[in-house]
Amino acid sequence: EAVVSTQSGHYGRGIFDSINQKKLLPVDEYVAGCLLPPHLSPFVNSEGYQPPEQVELLDRNKVAEDVAEEEPKDGMTPEDKRLAVMAMPKKRKILYNKMVYSNKKKASAVNKLKRKREELDETRENKKAAPES
């Protein structure tokens, strides 16, 4: 007689991912021995880097909204901004320059994470394309 096992090994992370997304995820993705899907943190903000899976999930969960063309938030041209910075008192100009520096630093960190993700995706594709020996 052949023994049929009714038990299956699942990773506990699937439970936490289901709780974080507030819906039951398919258990097939969390079977022992399979490549696990990326863990998506519930503590993300829309400003920083978001993995493609997180963006896809947010798009699916978000109600369809009509997004108009992006206009400058303050409605100022670059020349107007330059003149406004020149007219600022010294203390405010220093603070403004620190804010601009901080924003540029955050943007470079996001770009670095995006490049790393692209490299990781490329290596995974190359491993899938290469025949296993």
Side-chain angles (χ1 to χ4, degrees):
E1 292 180 35
V3 176
V4 178
S5 175
T6 58
Q7 295 179 350
S8 61
H10 290 85
Y11 290 107
R13 197 180 92 193
I15 297 168
F16 290 105
D17 285 349
S18 293
I19 292 170
N20 288 340
Q21 294 182 23
K22 298 179 179 135
K23 65 179 181 179
L24 184 61
L25 297 175
V27 293
D28 298 340
E29 296 177 356
Y30 296 95
V31 175
C34 291
L35 182 65
L36 292 173
H39 176 68
L40 303 176
S41 173
F43 307 107
V44 294
N45 60 8
S46 60
E47 294 177 8
Y49 170 75
Q50 292 182 345
E53 294 85 5
Q54 183 76 33
V55 173
E56 180 182 325
L57 180 68
L58 290 174
D59 287 344
R60 275 191 275 150
N61 292 341
K62 191 183 290 187
V63 178
E65 297 177 7
D66 294 330
V67 179
E69 287 184 28
E70 286 190 27
E71 296 180 11
K73 293 178 182 176
D74 51 10
M76 297 176 72
T77 64
E79 181 67 20
D80 291 340
K81 285 184 182 181
R82 189 181 68 79
L83 292 173
V85 170
M86 286 176 49
M88 282 184 191
K90 187 174 182 178
K91 284 185 178 182
R92 288 189 181 178
K93 191 182 296 187
I94 291 171
L95 178 62
Y96 175 77
N97 288 335
K98 287 181 181 180
M99 290 171 37
V100 169
Y101 174 78
S102 174
N103 289 341
K104 286 182 181 179
K105 194 171 180 179
K106 287 178 186 176
S108 69
V110 167
N111 289 335
K112 182 179 177 181
L113 288 172
K114 285 182 181 179
R115 280 195 312 272
K116 283 184 176 182
R117 178 58 188 245
E118 289 172 0
E119 291 172 4
L120 178 66
D121 289 343
E122 287 176 9
T123 56
R124 284 184 179 168
E125 288 177 9
N126 290 339
K127 285 182 180 179
K128 286 182 181 179
E132 294 183 19
S133 47

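Please read these numbers as outputs of a predicted model, since none were measured by experiment. The figures here come from the full heavy-atom set of this structure, side chains too, leaving out hydrogens, waters and symmetry mates.
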Is the count of non-hydrogen atoms from other residues, nucleotides or ligands lying under 6.0 Å from Arg13 atom CZ greater than 12?
->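 Counting neighbours around CZ of Arg13, more than 12 heavy atoms of other residues, nucleotides or ligands fall under 6.0 Å, so yes.
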
Listed by chain and number, what are the salt bridge (Lys or Arg N to Asp or Glu O under 4.0 Å) partners of Arg124, not counting sequence neighbours?
->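 Counting only residues at least two positions away or on another chain, Arg124 forms no salt bridge (Lys or Arg N to Asp or Glu O under 4.0 Å).
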
Gap between atom [atom2] of [Y] and atom [atom1] of [X] - 0.5 Å precision:
| X | Y | atom1 | atom2 | value |
| --- | --- | --- | --- | --- |
| Leu113 | Leu120 | CG | CG | 12.0 Å |
| Asp121 | Asn126 | CG | CG | 11.0 Å |
| Glu125 | Lys128 | CD | NZ | 7.5 Å |
| Lys23 | Asp17 | NZ | CG | 11.5 Å |

With the side chain counted from C-beta on, respond yes when Leu95 and Met99 share a heavy-atom pair under 4.5 Å apart, and no when they do not.
->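 Answer yes - side chains close enough.
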
Do Ile15 and Tyr30 touch side chain to side chain, with heavy atoms closer than 4.5 Å?
->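 Result no, sub-4.5 Å side-chain heavy-atom pair not found.
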
From CA spacing to verdict: side-chain contact (heavy atoms from CB on, under 4.5 Å), Glu79, Leu83 = CA-CA 6 Å; Glu79 181 67 20; Leu83 292 173; 4.1 Å; yes

If you group Ile, Leu, Val, Met, Phe, Trp and Tyr by side-chain heavy-atom gaps below 4.5 Å, do Met88 and Val100 land in one group?
->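 In one cluster with Met88: Val100, yes.
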
Expected output: side-chain Ser102 to main-chain Lys98 donor-acceptor under 3.5 Å =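 Looks like no, no N/O pair under 3.5 Å.
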
Is it true that a side-chain atom of Asn97 and a backbone atom of Lys93 form a donor plus acceptor pair closer than 3.5 Å?
->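 Yes, Asn97 side chain to Lys93 backbone: donor-acceptor pair under 3.5 Å.
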
Indicate whether any N or O donor in one side chain lies under 3.5 Å from an N or O acceptor in the other, for Ser108 and Asn111.
->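 No, Asn111 and Ser108 have no side-chain donor paired with an acceptor closer than 3.5 Å.
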
